[in-house]
Each structure stands twice: as C-alpha cells, then as structure tokens.
Amino acid sequence: MDETPLIVDDHDRYGRLRLISWWRQDRLAASRVLVVGAGALGNEALKNLALVGVGAIHIVDFDVVETSNLARSVFFRAVDAGRPKAEVAAERARELNPYIRVHAVNGDVARDVGLGLFAAADVVLGCLDNREARLWVNRQCWKTNTPYVDAGIQEIQGAVQIFTPPDSACYECGMTTQDYQLLNLRYSCPQLRPEDLRAGKVPTTPTIAALTAALQTQEALKILHELPCESGVAHVFSGVSTTMYSTRLTRRDDCLSHETYPEPTPIAVGCDQPARTLFDEARRIWDPSRRLTLVLERDLVTGFECRACHRTESLMIARTRVELLARACAHCNLATSPIVVSVIEEGEPLAEVPLRALGVAPFDVARLEAGPATGFFLLEADRARVLNPPAPRASNSP
Ligand SMILES: [Zn+2]
Ligand SMILES: [Zn+2]
C-alpha cells in the first residue's frame, strides 16, 4: 500500500483517478489497446480509454462517417461526412487527451491488421456489429495470447464478453448452430449486398452504446491492472427491465479457434517486399534444407476462370471480399469460378509478388513450412510504421 497521505492536486489531469487505491496511472500510460470498430461502441470505448490516459490506442475501421452516425457517435460532426471513421475518431480522441498516442487504421481488421499488432496489444476491444469480424478477432487474439473484450448492442440491450486465451472459453465456443448458418450464408450468397451483410443497420441508441462500452472499458481496465476479472463469461444488460445477468460460457474442446502460435522469430522483412525476400531471409536464420512454403492466413483469389470458353482473367483479391467474387465472363457472360490459392511455394512466379498483394498485412506473422517443420516469423521491418506511425498534421476541420 502507498503510505503517502492523500493530497489532491487539482492541476493533475489524472488526480481523481489516482485516488483509487488500486489505480496505476503509470501502468495505463505504458499500455497499448487495440479498438476494433469506430461505430457507436467504438466511439465510446475510445473516449473512455483516452480519458483515463491509456498510452497507445489503435482504432480500426474501414467505413466512412455518415449522417446517420451522428445521433450515436460522440466524436463525429456533420462536417466529417465522407471522412474515414477511424481517422476522425482518432483525431478527436487526441483533442480529448493530447498526452496519449492514438493511431487510426483506416482498413478492414481481417485484411489490413497484422498479427504483430494483436501481439503488441495488452488487450483488444471488439466494438463490432457482425459475426465474421468477431470470429476473426477472436482467432487473432488466441494466436497471440491477447485478452479480448467483446461488446455488442441491439436496441436497448447490451452484452460484454471477456475472453482470456489460452484457457477460457472463447467467442467461437459460444457460437450456436444458427450463428454458423448465418456465417455460411455470407459465403454461399455472394450476390447479397455487402452493406446488408456488414449490418451496421442494427437499431441502437447512444445510451446503450455508452453503457455497454463503459462496462467493456471497465473490464479492460481491470485486465490492464491485473485485477481479478472473470473470463469466459458474458454480462448481458437489458435496458427494458434494467437488469443484468452474467452467464458462464462452456469451453469446447473441439473449438477451431484455440490455436496459439509460439513466439514468432523477428525477421528483417516488410510486407512491401516480395515473398522471395521472406524465403531468402528465413533460410538465412532458420536454415531448413527443404523447400519453403508460405501458408497464407487469408485465402487469395488470383483469377477467375470461365469453364465454358477456357479463359482466365487474372485479378488478385482476398477471398473474404465476397462482394467481388460473383463475376461473369467478359466473353460468354456465364458465371466464372474464382481460382483460390492458400500457399505460396518457393520458386513459383507468385513468390515475386509483394507480400502485401498476397494478402499479408503490415507487421504480420508469416507462417512458413519446410516439410514437417513450421516456423513463425514477425515482419519486423513494419514495426515502426504500425506501432508508432508519424503523427498526422493537426487538421482543424475544413
Ligand atoms: Zn473456443
Ligand atoms: Zn466464357
């Protein structure tokens, strides 16, 4: 226990927080938190993290601000319409607390965020509105042993789930047969509009977003302070009856999310370099005698094949971009089939393509196989640009 008498310093930004017996401002200042989603929940979670002085925060979102966000998102203004949500939210959070670093990732969590950032985070906050993204974040957290606090809202109901790998139940353990069916629907109906699939049209209020994100951030703060925090549980709040209940999720031994990667070996390669460079560097430090194979974490579509006229159109996209997968042949107008690639072999033409174009994200962990051996390599050349990118110039609205 701290023996010093309580002296309230009104000039200390964190003075009232420091009065809490277990509060450790230095610990928060040294923490890194990844917030996935900059919608109603993400705005609130980011606001809370900025207020309490979490030292480094990364906020991820691929979407842009729309007028319909204004009634639920504390950081957005009418003049922000059309600007990336992550960028705007980060900018406003920096205004709220200029003594912390807030980094915007204007991209998709599944395609644009490397495993290295998940590993560097002390906790990940899921502020998402769909199962696909939650499942992806859950798996990335398990691979890197990073605690994951997920939040979800609908109308005036909210839920916060806490998962701590490797031992607790995870998000996928709690998925029902119906959840899997809805996930599969996305892949079997590429003609569904992405905006329908990505939801974001869930009816919610700013009150439930604030309540739920507050509870979520509070659990994250307990994790950052290493206070006891129940994991593998869901806390569900009903605003209709003003009641809350907690339920323990059952850990499933056959759950597909429970893969934890070993500590990766840092390698002096970045995602802008070709796969060949990764193979060459890995061979220098790993020295396997067999030919190397890069196992892609995200399936890659390298082209579209028309079975009728035997023509192939080359185009590299991630297989998760279902909205781009339904393509008609330019010659006969029949439906084409995507050519899916999940490994890159040393020496093949695709090894000359930059890792980024092969679907590898900045500061990712590359999984290489040499016969029966598997090696994990962290793309160290991307570290600075991901963990500590240069601060953007302050822009005071147009
Ligand atoms: Zn699980
Ligand atoms: Zn054709």
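The structure displayed is predicted, hence computed values, not measured ones. Heads up: numbering here begins at 1 and tracks the sequence. Hydrogens, waters and symmetry mates are skipped; everything else that's a heavy atom, side chains included, is used. Just so you know, ligand 1 is whichever comes first in the structure, and atom 1 is the first atom listed for that ligand.
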**Student:** Around atom OH of Tyr180, are there more than 12 heavy atoms of other residues, nucleotides or ligands at under 6.0 Å?
**Tutor:** yes
**Student:** About how large, to 10 degrees, is the angle SG of Cys329, then the Zn ion (ligand 2), then SG of Cys332?
**Tutor:** 110°
**Student:** Is there a chain of hydrophobic side chains (I, L, V, M, F, W, Y, each step under 4.5 Å between heavy atoms) that links Tyr14 to Leu221?
**Tutor:**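 Yes, Tyr14 and Leu221 fall within the same hydrophobic cluster.
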**Student:** Judged by modelled atom types alone, do Asn138 and Ser257 share a side-chain donor-acceptor pair under 3.5 Å?
**Tutor:** yes
**Student:** If you have a sec, read the angle at the Zn ion (ligand 1) from Cys255 atom SG over to His258 atom NE2, to 10 degrees.
**Tutor:**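 Vertex at the Zn ion (ligand 1): approximately 100°.
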**Student:** Between Arg24 and His225, does a side-chain hydrogen bond (donor to acceptor under 3.5 Å, both in side chains) hold up when you go through it step by step?
**Tutor:** CA-CA 7 Å; Arg24 292 273 310 274; His225 279 91; over 6 Å; no
**Student:** For the atoms SG of Cys309 and SG of Cys306, give the angle they form at the Zn ion (ligand 2), rounded to 10 degrees.
**Tutor:**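 The SG/SG angle about the Zn ion (ligand 2) sits at 100°.
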